[in-house]
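Here's the structure, in structure tokens; my notes come after.
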Amino acid sequence: MLFYHPSYSALSLPPKHRFPIEKYRLLYQQLLQTPCASWLTQPNLVASPAQITLCHDPEYVTAFLSGTLPDGAVKRMGFPWSEQLVERTLRSVGAALEAAQQALRDGFAANLSGGYHHAFSDRAAGFCIFNDLAIAAKYLIQTGQVDTVLVLDCDVHQGDGSAEILANDTQIITCSLHCEQNFPKLKRQSDYDFALPVDCSDAIYLATLKDALSLCTRLHQPDIILYNAGADIYRLDELGHLAVSLDGVLARDTQVLRHARQLGIPLMAALGGGYQRAVSRLVDVHMQLFIALQQVWPERFVASQSQT
């Protein structure tokens, strides 16, 4: 299943705001024109404070939900506070929980939002408020659905918030492939960090990913992979600094999905980052994940089309 809620793009932002809020709605509309349409669904779960505090400080959670964050904290968050933002955030985290559990049943699921890996235990940063994949990982373990989770972060920016939140959790493995000379300036230590050089090519990126996947799955044998499929590794991304082609993005997503399927490991994906002012071009980069999905799970789409 592919989980989408209209609140993902229903956020009023100041003119020329850097965050491409329209990409979620435009991606959903594009997916409606593909075989993936039969997989689209609206999430039912809205994350509760109890679920969010699995990873986040209760005082921070209360301050965000009530709109009482200090001005400095709002500035670091990158969004003006609003009731819209609260709804969007709770629904996105809820969808991550729902998609992760769906992946355990079906082998694959995705949330058409998420990947908010800069959110720390006690603060927001870089457009990330609550760390959806960390919360999903903790929730799956707390409820006894899995024993070991791999958080595979392929956004171009290091998952510093995930590394901080999950530093002492031996059941959740954090692996980050990111551009070394990029935000955040101060990196945190993941369980596995693969720092890539500026202008990294397809070949180097894909070889590094192969090594990372092989190492993490062989050593830890995860019960599920939570995959941050950031579109900002693309060479035209305005905040990316890598030289990965569109074919390279597709090859990355195909490699991750195929590796998980071959090993029988359920995989849940989140969209992650992507920054192009031409939002339609950005959507094309995110679409590579769903092209890869159709290549790796072709029989699912044949079956769904035959039922329509």
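It should be emphasised that the depicted structure is a prediction, and the values quoted were computed from it without experimental measurement.
Under the 3.5 Å distance criterion, with hydrogens and angles disregarded, a donor-acceptor pair is assigned to the side chains of Ser121 and Glu164. Asp237 and Gln276 share no donor-acceptor pair across their side chains, judged by distance under 3.5 Å alone. Side-chain atoms of Asp202 and Ser245 form a donor-acceptor pair, as typed in the model, at a separation below 3.5 Å.
A donor-acceptor contact shorter than 3.5 Å is absent between the side chain of Ser9 and the backbone of Pro6. Without hydrogens or angle criteria, Asp132 side chain to Ala96 main chain gives no donor-acceptor distance under 3.5 Å. At distances below 3.5 Å, not a single donor-acceptor pair connects side-chain atoms of Asp199 with backbone N or O atoms of Ala243. A distance-only check finds no donor-acceptor pair linking the side chain of Gln294 to the backbone of Phe301 [under 3.5 Å]. A donor-acceptor pair is defined here as one N or O able to donate and one able to accept, closer than 3.5 Å; such a pair exists between the side chain of Ser48 and the backbone of Gln51. Checking side-chain atoms of Gln84 against main-chain N and O of Ser12 turns up a donor-acceptor pair under 3.5 Å. Between the Asp253 side chain and the Leu289 main chain, a donor and an acceptor come within less than 3.5 Å of each other. Judged by distance alone, with hydrogens and angles left aside, the side-chain atoms of Asp193 form a donor-acceptor pair with the main-chain N or O of Ser190 at under 3.5 Å. With hydrogens and angles disregarded, no donor-acceptor distance shorter than 3.5 Å links the side chain of Thr148 to the backbone of Pro222. Checked by atom type and distance alone, the side chain of Lys185 never pairs as donor or acceptor with a backbone atom of Asn182 at under 3.5 Å.
Here the shortest heavy-atom pairing between Ala195 and Glu180 reads CB-CB, 3.8 Å. Across all non-hydrogen atoms, the minimal contact from Leu140 to Gln101 is CD2-CG, 3.8 Å. Counting all heavy atoms, side chain and backbone alike, Asp153 lies closest to Gly159 at OD2-CA, 3.4 Å. The two residues Gln189 and Gln158 make their nearest non-hydrogen contact at N-NE2, 4.4 Å. Taking all atoms of both residues into account, the shortest heavy-atom contact from Leu177 to Leu209 is CD2-CA, 3.7 Å. Across every non-hydrogen atom of Thr53 and Ala50, the tightest pair is OG1-O, 3.1 Å.
Residue pairs meeting the ring pair (Phe, Tyr, Trp, His ring centres under 6.0 Å) criterion with at least one member in residues 241-276: none, sequence neighbours excluded. Pairs passing the ring pair (Phe, Tyr, Trp, His ring centres under 6.0 Å) check and including a residue from residues 126-145, sequence neighbours excluded, read His17-Phe127, Phe19-Phe127, His56-Phe130, Tyr60-Phe130, Phe64-Phe130, Phe79-Phe127.
Remark: Arg261 engages Glu299 in a salt bridge (charged side-chain N to carboxylate O under 4.0 Å, His left out) (not counting sequence neighbours). The side-chain hydrogen bond (donor to acceptor under 3.5 Å, both in side chains) check on Ser113 picks up Ser92, Tyr116, with sequence neighbours excluded. Under the ring-ring contact (aromatic ring centres under 6.0 Å, His included) criterion, Phe290 pairs with no residue at all, not counting sequence neighbours. With sequence neighbours excluded, the residues forming a ring-ring contact (aromatic ring centres under 6.0 Å, His included) with Tyr8 are Tyr4, listed by chain and number. Every residue two or more places apart in sequence or in another chain that forms a side-chain hydrogen bond (donor to acceptor under 3.5 Å, both in side chains) with Asp106 is listed here: Gln102. With sequence neighbours left out, Lys138 forms a side chain to side chain contact (heavy atoms under 4.5 Å, CB included) with Leu54, Cys55, Leu166, Asp169, Ile172. For the side chain to side chain contact (heavy atoms under 4.5 Å, CB included) test, no residue two or more places apart in sequence or in another chain qualifies with Ser280. By the side chain to side chain contact (heavy atoms under 4.5 Å, CB included) test, Ser214 is found to be paired with Arg218, residues two or more places apart in sequence or in another chain being considered. For Leu246, the side chain to side chain contact (heavy atoms under 4.5 Å, CB included) partners at least two apart in sequence or on another chain are Tyr234, Val285, Gln288.
The hydrophobic cluster containing Ile173 does not contain Leu226, counting ILVMFWY residues as joined when their side-chain heavy atoms lie under 4.5 angstrom apart, directly or transitively. Connection of Leu2 to Val296 is established within a shared hydrophobic cluster, with ILVMFWY side chains joined at heavy-atom distances below 4.5 Å, either directly or through further cluster members. Leu267 and Leu293 end up in the same hydrophobic cluster when Ile, Leu, Val, Met, Phe, Trp and Tyr side chains are linked at under 4.5 Å. Tracing side-chain contacts under 4.5 Å through hydrophobic residues (I, L, V, M, F, W, Y), one reaches Val156 starting from Leu239; they form part of the same cluster. Met1 and Leu133 are not part of a single hydrophobic cluster, where members link through side-chain heavy atoms under 4.5 Å apart.
Stacking of Arg123 on the aromatic ring of Phe120 is recorded, both the 6.0 Å distance cut-off and the 45° axial limit being met.
More than 12 heavy atoms of other shown residues, nucleotides or ligands fall within 6.0 angstrom of atom CD in Gln29. Heavy atoms of other residues, nucleotides or ligands lying less than 6.0 angstrom from CD of Glu238 number more than 12.
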Report task. Verify side chain to side chain contact (heavy atoms under 4.5 Å, CB included) between Asp160 and His117, making sure each step is shown before the conclusion. Result -> CA-CA 7 Å; Asp160 54 343; His117 60 168; 5.7 Å; no

Report task. Start with the C-alpha distance between Leu150 and Ile224, add both sets of side-chain angles, then the distance that settles side chain to side chain contact (heavy atoms under 4.5 Å, CB included), and finish with yes or no. Result -> CA-CA 6 Å; Leu150 171 60; Ile224 189 170; over 6 Å; no

Query raised in the report: Is there a salt bridge (charged side-chain N to carboxylate O under 4.0 Å, His left out) between Arg88 and Glu83 once you walk through the steps?
Result: CA-CA 9 Å; Arg88 179 186 187 277; Glu83 293 286 356; over 6 Å; no

Query raised in the report: Are Val149 and Val146 close enough, and set up right, to give a side chain to side chain contact (heavy atoms under 4.5 Å, CB included), and what steps lead you there?
Result: CA-CA 7 Å; Val149 179; Val146 301; 3.6 Å; yes

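Ser82 has its side chain within reach of Leu11: a pair of non-hydrogen atoms, C-beta onward, lies under 4.5 Å apart. Between Phe3 and Glu98 there is a side-chain heavy-atom pair separated by less than 4.5 Å. The closest side-chain heavy-atom distance from Pro266 to Phe108 is not below 4.5 Å.
Taken from CG in Leu152 to CG in Asn228, the straight-line distance is 8.5 Å, to the nearest 0.5 Å. Considering CZ of Arg105 and CD of Gln145, their distance stands at 8.0 Å, rounded to 0.5 Å. Annotation: the span from Leu271 atom CG to Asp232 atom CG amounts to 11.0 Å, rounded to 0.5 Å. Within the model, atoms CG of Leu242 and NE2 of His178 stand 10.5 Å from one another, a figure rounded to the nearest 0.5 Å. Taken to the nearest 0.5 Å, the CD1 atom of Ile233 stands 4.0 Å off from the CZ atom of Arg252. With values rounded to the nearest 0.5 angstrom, Asp223 atom CG is found 8.5 Å from Ile265 atom CD1.
Hydrophobic cluster membership of Leu250, counting Ile, Leu, Val, Met, Phe, Trp and Tyr whose side-chain heavy atoms lie under 4.5 Å apart directly or via other members: Ile291.
Within the 6.0 Å centre-distance limit, the rings of Tyr192 and His220 are counted as a close aromatic pair.
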